[in-house]
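Just so it is clear: chains get the letters A, B, ... in the order the sequence lines come, proteins before strands, and each one is counted from 1.
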Amino acid sequence: MFIINCPYCGARDQTEFSCHGEAHIARPEETEKLTDEQWGDYIFFRQNPKGLHYERWVHSHGCRRWFNALRNTVTDEIFATYKVGEARPVLPEQNAGEAPS
Amino acid sequence: MSQKCRLDSGGLIDRSKKLHFTFDGRPYTGYAGDTLASAMLANGVRLLGRSFKYHRPRGLIAAGSEEPNALVQLEKGAYTEPNTRATCIELYDGLVATSQNRWPSLDFDVGAVNSAVSRFLPAGFYYKTFMWPASMWMTYEKFIRKAAGLGVSPTESDPDNYHSCYAHCDVLIVGGGPAGLAAALTAAVPGARVTLLDEQPQLGGSTLGVEVNEEFQRWKEQTIAALTDNPDVTLLTRTTATGYFDYNYITALEKVTDHLGPGNGGDKPRQRFWKIRAKQVVIAAGAIERPLVFADNDRPGVMLANAVDTYINRYGVLPGRDIVVFTNNNSAYDTALNAAQHGATVTVVDTRSEVAGTLTDQLSARNIRLFKGHAVSSVQGSKGVASVRVMELSADGKSLQGQAWQIDCSIVANSGGWTPSVHLFSQSGGKLNYDQSIEAFVPDMTRAKVINPNISAGACNGVFDTGGCLAEGMKAGMSASAACDYVASEITLPSVEVDGMSDIAAIWLVPTVHPVGEGPAKHFHDFQNDVTAADIHLAAREGYVSVEHLKRYTTTGMATDQGKTSNLNALAIMAEIRGAQIPEVGTTTFRPPFTPLTFGAVGGQESGELFIQERKTAMHASHVANGAIFEDVGDWKRPWYFPQGGEDMHAAVQRETLAVRQSVGMLDASTLGKIDIQGEDAAEFLEMIYTNNWKKLAVGSCRYGLMLNEHGMIFDDGVTTRLADDHFHMTTTTGGAARVMNWLEEWLQTEWPHMNVFCTSVTEQWAVAAINGPQARALMESVSDIDVSADAFPFMTMRTGTVCGIPARVYRISFTGEIAYEINVPARYGKQLWDKLTEAGEAFDLCQYGTEAMHVLRAEKGFIIVGQDTDGTVTPADMDMDWIVSKTKKDFLGKRSFMRSDTRRDGRPQLVGLLTEDPQEVLPEGAHIVGELRDAPPMPTIGHVTSSYMSPNVGRSIALAVLQDGLNKKGETVKLRLMDGKVIEAVVADPVFFDEKGERVRG
Amino acid sequence: MKAYSLFSLVRNSMSYHRNWQRAWRSPDPKKHYDVVIIGGGGHGLATAYYLATQCGISNVAVLEKGWLGGGNTGRNTTIVRSNYLLDASAGMYEHAVKLWEGLSQELNYNVMFSQRGLLHLAHSVHDMQEIGRRGNAIYLNGIDSEFLTPEQVKEMLPIINLDCRYPVMGGLLQRRGGTARHDAVAWGYARGADAAGVDIIQNCEVTGVRVEHNKVVGVDTSRGYIGAGKVGSVAAGHSSVIAEMAGFKLPLECYPLQALVSEPIKPIIDCVVMSNGIHVYVSQSDKGELVVGSGSDAYNSYSQRGSFDLIEHTVGPLCELFPIFSRLRMLRQWAGIVDVTIDRSPILSKTPVENLYFNCGWGTGGFKATPGSGHAFAHSIAAGEMNSIAAPFSIDRFNSGALIDEGAAAAVAH
């Protein structure tokens, strides 16, 4: 039972929120030009990392705003929550080479 | 019956309050303050139950919640409760308890035959047999099931109610013993909000059962008083912390009125379930004494040493006059001295050959005989200990030697050391270390889970003496309150002498004269599940060596006590067999709950009336008055049909369906999802959400739209109306309303935040009466100031005005193919609108109709219902709805998926109509069309019926179906094969059965 | 392998059970195997067993990072059924049920497959339409399937509250469905595979997948490099991690799936009850515990911990459908990690890397498929091509769109 820091409302109980999977997957432009593989990759394939995960949450029983979080999927530690459109945070211990685009 | 084992004085019981109770129908008495266990013991009853597998006679082992044996069926009838630990039942007057898992009686149990044949029933025997013949397994199993289980379930609904609540605090303290009390006081003094839980009815923890000095007693009383008076402190007794979840979320069960007896709780709940969020947690949960594993150590009368102490000190019960104390550490010496002081004849058998300090002198002073370096080699007496034999241990502790001393006794008080209660720490995700000095696992607080800040203090941290517990508690209270930004300082603690509990010399398996498992005796470590040391040997021999395999193969630790007294012994015995260190075998995973948790307390508030709230429309009361039969649609109660006179459903639906097409009908359409969409980019937004075009839709006009997910599959539909350039009113399916709202928000917020669009759910704000039928316009004319002439208010437009004097938005849209007006009024006028229309409608033969007639009417027109005629696997093309998919738009959600090979392949299932050969034959919904009719399954199927009705307007049965390549099969005859063998033939038809040209709706 | 029997049990009891063999050996890994199976759960062990006993490939290793059967094999609610709507699913799960029906005898290990019947309840017109469609589909696929009226439901389950929040309108019964003893399945396959020559190597974690010229050649492990002609990954919740080692992504996400049991009581429920309308999934084990399936938390996790609110939302409905359970007690709750695909159907597939095969994505329904999955996967690995039962579950379906979406098709959880 997490405590999640909604960027708009502050810390709230997990039961107020729902999670919607990996964040920072932009819907491709000009979808008609994509191959089936590229389109399949966009709708079905996910990182599913054992470790740090950038993910989308919505404060469904609160302000109803969507936002992103950085959470460790093994320890469930939430390192950051941030608004949609904000740059994704990078932890000091994350390898700079892995810094996400 | 007299309480023959009750001492003349002493204990925390109220001897002025005599309580009557029965066990297996026999009457007994006890006192207020007793548990069922202490009262039974006071009455000299040692035999309280039968074990799970061998049906061995069993008695009390412990005095607390770790008790594995003494499980009873508490109370009768609706209040009955199986598997209740006698040690946790506070005695009340009139209590009725019954023994379990025996037949015909506890004293004479036929099941005990299992004990006689136990050599054929080693761990896992059932994996090796009951396989022949294969067909007999279910028969064998019937007997196995009957033999298994413990108590019996109630067969009536629970008459009690439960309460659950949330709480927040700075510091949560689990355990009200010396460490917990010291922590609470230390944290509370500087102002921290403290919650303290303890499973006992009184605070004090272990000191309720063990005497400490007077200074401590005074301090305890003052501390409890100070905490009680502090408004920032919540003290919860009879409350067990059951689970430790992430971000310091602790669940706890408070037994509010259980101790008053059934039906005596007044307006209070039986139990209350707490969900507590704490900034810091101090775990002061104490420790549990371990039994020694020796031959026939399960005989009634073999008890934990500490339990004997507790029964003497707390309950004033001396369990037996002749007591053998059997130990491998110092703590049981207190028991010996205490028992002797209360008049028992005591003999101490210590497996250690050296005993340090003054203990031996203290024994001598009381004339207690001490066997050093000896062990109990056997226990005599089947339904109760009669005597023990004592022999000298070899130097390595693996065998016995010399003369066997027989000692008559009724109680064997044994101690194999103490196991810190690390359950909560472990549940919190913390890791354990093995501490050889106490031969047990302790929390490694440097390896606590970051998100669950907690501190273990006192016995659960491996510190067993009261002075040490107090000091640790204080320290924990300081750290925890400091972590919550309070300036904490030391408090004054009472001085207590060091108890010296430790000095343990482990002996995990006490030998007997036979090799383990080869004599008549059994060495139990898990009493309730009847698991013995021999079973561990067998598991090791067969390769089930890891702790998880050991547990699962032998079932050790899987009983209702979850291995509280047995886990470490099992691990250690396995480690010895493997020649490994105990941590190498593994630590067991401690799973919540700590003690079994009443289902009613966890979920009782979410069942019955509060399970899922019924949603009712503004017109609901009118529907009830009009005799509607309701259908559950999502959480909504919708009128299904309105029977008149003695009509059955079929007659009512036929009448309603006809009336709509002959005069006018009225449907409560309030449950349809409604979303108000505003903003300058609203049209742009809808272009992406729907498959068709929206930019050019005129203000005041309505349009039907289909929504797809990104897989290209239909997921909702509805009519959306343009109220202004930048303002739309969207409708959705009843069941899809919330899903669509979330869908819109998701795209707006995450993908297109640049769009200036705002969505507001207005489902509950508007009540909707839909009037349909040739007389709908006339009815509207009679009640509305809107010009409803065909030219002024054409099909698929919206007008505002008043209806029955109520301000309304009226949408001329139709789900029946008739002239129709969907009258939307603010919800608070809904009932008034309905009632006035009903009244005004009399002149036009208005008929109220329900969802079933609605379904028939729309099916006559071939209108699909998303979720009935579609599932999540159909595209617009599959529904023959290509007309609604824009060919010109560059993009919309799901569009790209049409290009995938499977989505554009030929022969996909497609929507068609079906007309049975026999017009009176109504196809069952779900019936399948076979590709090839065979005598018996399997046979290939090529489609199925999605909707099927008797249509009074068409004058025959009609059906919608999805059929592979159906659009190319119109006119063909197909066969449907039912489960009863019946074959029905039907012709594939167009799905529009009535008014094919659609003239009526525009009239 | 010395056979288990009543006779062997009696004979061994005469020698105080001193002479039982190890159920499986504990060998050191060899340098090279024809096939390496990653993952010692039920599916992996079954794959190895069928490779060795039916496909003539016994130079096989099963690498398990912990203890065999320690993952979802030992964490599920032990339900076995094949009452699926879609042909591909019916093919797989019915294949499994048929193998289940003789499994105890085949393995000479009692897996206690108990066909006590599995009853799906319908609580709305929509549910009735759903079971109507599914019941017919199951029947025409040659699988047993019966509709029950509410009265028949009550007869089968006298303790049910038919008039619950969404009154019971009917039921769909598969009499051949039921439960099995989950641990025994892993142990039985392990013992059988071991006897057929398979090396089961526990505490051996795969740390890398070696690929040369787009062909798998072996795996790095915590016990050194092990060469392999072919590699089958059956790593359930850790499949994404293995795929990443081999350089590709899978359409999988991992979630915690929770379950709980009550204290043991005397027999009170004789069949398996599943209600999607009320959200109750319950059966009673031979030991007497009510085994209750909860749900999966909707966030990615490898922590084997779920959120407690799911347990509350499981127990509430349980008390709604069976009000007499209110005074019973929850003994234990736990979570497993389930790997779920977008269509909630599994993946049995070749991969972008030659000779590397994946069997994963079983989501919440893997246990029941264990024999069928292992059997189909073994034969497919041996042939180098997915067989007819496995073929629809190819990873290619996520590009072609040929999903096997039972949930979407039935609009229910499955």
Between [Y] and [X], is there a side-chain heavy-atom distance shorter than 4.5 Å?
X	Y	value
C:Gln129	B:Glu925	yes
C:Lys266	B:Gln100	no
B:Lys128	C:Asn110	no
C:Leu68	B:His549	yes
C:Arg327	B:Thr80	no
C:Pro264	B:Thr560	yes

Examine whether an atom of [X] lies under 4.5 Å from a heavy atom of chain C, and if so say whether it belongs to the side chain, the backbone or both; otherwise answer neither.
X	result
B:Arg270	side chain
B:Gln613	backbone
B:Tyr162	side chain
B:Met558	both
B:Val545	side chain
B:Leu538	side chain
B:Ala534	neither
B:Gln427	backbone
B:Ser897	neither
B:Tyr140	neither
B:Pro82	both
B:Val633	neither
B:Met939	both

Using 0.5 Å steps for rounding, measure from the [atom1] atom of [X] to the [atom2] atom of [Y].
X	Y	atom1	atom2	result
C:His182	B:Arg552	NE2	CZ	5.5 Å
C:Leu140	B:His944	CG	NE2	12.5 Å
C:Arg329	B:Thr84	CZ	OG1	4.0 Å
B:Leu597	C:Ile311	CG	CD1	10.0 Å
C:Leu328	B:Asp158	CG	CG	9.5 Å

Tell me whether [X] contacts the main-chain N or O of [Y] through its side chain, where contact means a donor paired with an acceptor under 3.5 Å.
X	Y	value
B:Asp902	C:Arg397	no
B:Arg591	C:Trp334	no
B:Glu141	C:Asp286	no
B:Arg145	C:Gln284	yes
C:His17	B:Arg119	yes
B:Arg900	C:Ala402	no
C:Asn136	B:Gly926	yes
C:Lys287	B:Ala148	no
B:Trp137	C:Phe113	yes
C:Glu320	B:Gly608	yes

Checking heavy atoms, do the side chain of [X], its backbone, both or neither come under 4.5 Å from chain B?
X	result
C:Arg165	both
C:Ile268	side chain
C:Glu101	neither
C:Met128	neither
C:Ile131	neither
C:Arg181	side chain
C:Leu260	side chain
C:Gln333	both
C:Ser285	backbone
C:Thr314	neither
C:Arg18	both
C:Ile269	backbone
C:Asn399	backbone

Verify side-chain hydrogen bond (donor to acceptor under 3.5 Å, both in side chains) between C:His313 and B:Glu606, making sure each step is shown before the conclusion.
-> CA-CA 8 Å; C:His313 297 319; B:Glu606 286 197 58; 2.9 Å; yes

Measure across [X] and [Y] and return the closest heavy-atom pair with its distance rounded to 0.1 Å.
X	Y	result
B:Gly603	C:Val315	N-CG1, 3.7 Å
B:Phe120	C:Leu9	O-CD2, 3.4 Å
B:Gly517	C:Tyr16	O-CD2, 3.4 Å
B:Ser607	C:Gly316	CB-O, 3.4 Å
C:Ile324	B:Pro154	CD1-O, 3.2 Å
B:Arg541	C:Trp20	CG-O, 3.9 Å

With a 6.0 Å cut-off on ring centres, are [X] and [Y] close enough?
X	Y	result
B:Tyr127	C:Trp187	yes
C:Trp24	B:Tyr544	yes
B:Tyr247	C:Phe308	no

I would like to know whether C:Tyr166 and B:Asp635 meet side-chain hydrogen bond (donor to acceptor under 3.5 Å, both in side chains); could you show each step before the answer?
-> CA-CA 9 Å; C:Tyr166 302 101; B:Asp635 302 339; 2.9 Å; yes

Quick check: are there more than 12 heavy atoms from other residues, nucleotides or ligands sitting under 6.0 Å from NZ of B:Lys142?
-> no

